K.L.:
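Structure in structure tokens, see below.
Model, not experiment: these values are computed from the prediction. Both counts, for ligands and for their atoms, begin at 1 and track the order of listing.
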Amino acid sequence: MITMKEIYKHLMRIFIEILVLFLAAFAVQAENGHELWLRKHNVNPMNVVCSENSPTVNIAHQELQKGWQGKTGETIVLSIKSDKSIQGDGYKLDASGVQANTELGILYGVYELLRRQHTDQPIIDEVSNPSYERRILDHWDNLDGTVERGYAGYSIFWRQGKDSLAVTERDKLLWQEYARANASVGINGSVLNNVNASPKILKIEFLKRVKAIADVLRPYGIKIYLSINFSSPVMLGGLKTSDPLDAKVITWWKTKIKEIYSLIPDVGGFLVKANSEGQPGPQDFGRTHAEGANMMADALKPYGGIVMWRAFVYSPKERDRARQSYDEFIPLDGQFRDNVIIQVKNSPVDFQPREPFSPLFGAMKKTSIMAELQITQEYLGQSNQLVYLLTMWEEFLQSDTYQEGTGSTVARCTDGSIFPQKYTAIAGVANIGLDTNWCGHHFAQANWYAFGRLAWNNRLTSDKIADEWIRLTFSRQQTNHSKTWNDNDWEEHFLFPIKQMMLQSREAAVNYMMPLGLHHIFAGDHHYGPGPWYAPKGLRLDWTPPYYHQADTNGIGFDRTRTGSNAVNQYHEPLCSQFNKLETCPEIYLLWFHHLPWDYKMKNGRILWDELCYHYDNGVQQVHQFQKIWDNEKPYIDTQRFEEVQSKLRRHCRDAQIWKDGCLLYF
Ligand code: GCV
């Protein structure tokens, strides 16, 4: 006979089971992307042996205990012991633990160990050393909280309003999450403000906030850097000039730098945009970039600071913008101090969907040089289009400059393997903002992740990094109940198609936006939609698309051959001749280097016009295909992220169609 008590117990059990299932389903669905690639895991207890005790090592310790997926009860040894095979903050990893020369090396080794566990890779014995000593995110964040070319909300560092400089617990938590995400992929520097810099960043009230940020970032190994305005001595200091050779100006900078370092002793240095797009610089006083940069480098030197001096310069008077930074900087090679690094955008014009690499890579021989990549998708669909940028960065870093014969890739020209550099570095313009998912588009997180991984190891492939990111970012739990997919099923139906989509996405963007070497044909300064016709009266010609595509009834393309602007000549042989000759110029750069008739015969027999139509249409079809792939993934993804990406892909499809129609109708 069943008693009332038993019935009650039975009903309670059913109720609790339903509640648990409901909560589990909710938990699976309540993914908003804020955790990035650092998802929480069901962990096994383990032991850490480590004789060190410092904020950084303690983080390593906690990370192991929060993320351990190895055997229960296992012991991992963390040891700081010098070893010649380990360089800088590199590490040695094996099944028993992590060895490094520095505390940060321990932290990076621990993140690698956990990454291996979370992506089902074996722990093999390996030594891993960073390709670049400095791996930096450049934030184009303004002090009022807006972000130039930011598509993920307001700044995580700055804001507007009465209490804008007060440091809250919420700020600190966010900065800590940011620091952890960066450290997990090896990023070790953050430039906290826009290169179009307000002089106010050097005021004491702003410096105090910089100090608060630096304090949170420090245990994660992240140094802060500041973008400075070259006119600060006048605008902030009340001097009559900012001439870098003026004694009062030199003293002003020395005093200011002393003040900064007394507050924050480990500042990495300055980033400077000078004489570019209206920013002040040494040329305003008849001085060279080297004279300007060296004055600051001398003032920073006693504190170990560096100057990252940007080569992004161009003037409306020149015939070919693509030539200008080379023309201006090559004569200065050898004149810069050893704590100056020239920061060069990957491409000669400006982060377009496809450009050849900037010829400054492989040309500077006596000056340190670093690449600037753009993680934020200013010219690649911003946070509406799914574009995995790593294939573009891989193409760039693996381009052969022929500086010292075959194999002188951009990667090797910047990481010190061809010419020794006192400092090696790489920077990426960040795509981070206050949006819950940090980047505006869930897949834009992959570009942040990829930048860090590539900066650590510039030989990693797009495929490998995409694979890791997908495994780390998406759960294998089924969406409708708390079961997990079996590995084969998940890989076949989720991992592989999503990876293929990511790997094709940049080429798709090139196809529907600017195929065959076209570039900068946006309708205005928003840099989003197409506008090959856009040429308002009075606007600088080099800010209008017709300057770049040069299309008319006879043909299309920018002639940069020896008989044109001769930009080809800035590349070493055999590239120079290869780009110059139609027969050998890679078709992906055809209209970058050549002006051709519409009926020019392509290698596949089509005429140029047909080939253009084919590329535009192909781009649109590719994005439709991405939409189909994603729609099939519903069972594999939590509801929120599924729907948000689905909605972005709808817009992406419309955008691609608009690009195709806009460009083809105009041409
Ligand atoms: C920060 C491009 C962008 C600008 C940016 C500039 C630069 O022109 O459109 O927003 O300014 O590059 O890199 O300095």
K.L.:
Salt bridge between E259 and K256, side-chain N to carboxylate O under 4.0 Å?
P.N.:
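A salt bridge is present here (some side-chain N lies under 4.0 Å from a carboxylate O).
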K.L.:
Taking the inter-plane angle between the rings of F667 and H549 on a 0 to 90° scale, is it parallel (under 30°), tilted (30 to 60°) or perpendicular (over 60°)?
P.N.:
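Perpendicular: the ring planes of F667 and H549 meet at over 60°.
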K.L.:
Check whether NZ of the Lys or CZ of the Arg R560 lies under 6.0 Å from the centre of the six-membered ring of F593 and within 45 degrees of that ring's axis.
P.N.:
no
K.L.:
Locate the shortest heavy-atom distance separating K366 from D333; write the atom from each residue and the value.
P.N.:
N-OD1, 3.0 Å
K.L.:
List, ordered by chain and residue number, the protein residues whose closest non-hydrogen atom lies under 4.0 Å from any atom of ligand 1.
P.N.:
W140, E148, R149, N194, V195, N196, K273, E277, R310, F312, K345, D350, E378, Y379, H527
K.L.:
Taking atom CD1 of I228 and atom CG of L236, what is their separation to the nearest 0.5 Å?
P.N.:
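CG of L236 is found 11.0 Å from CD1 of I228.
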K.L.:
Can a donor-acceptor pair be found, under 3.5 Å and without considering hydrogens, that links the side chain of D415 to the backbone of Y132?
P.N.:
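Flag not set: sc D415 to bb Y132 has no pair under 3.5 Å.
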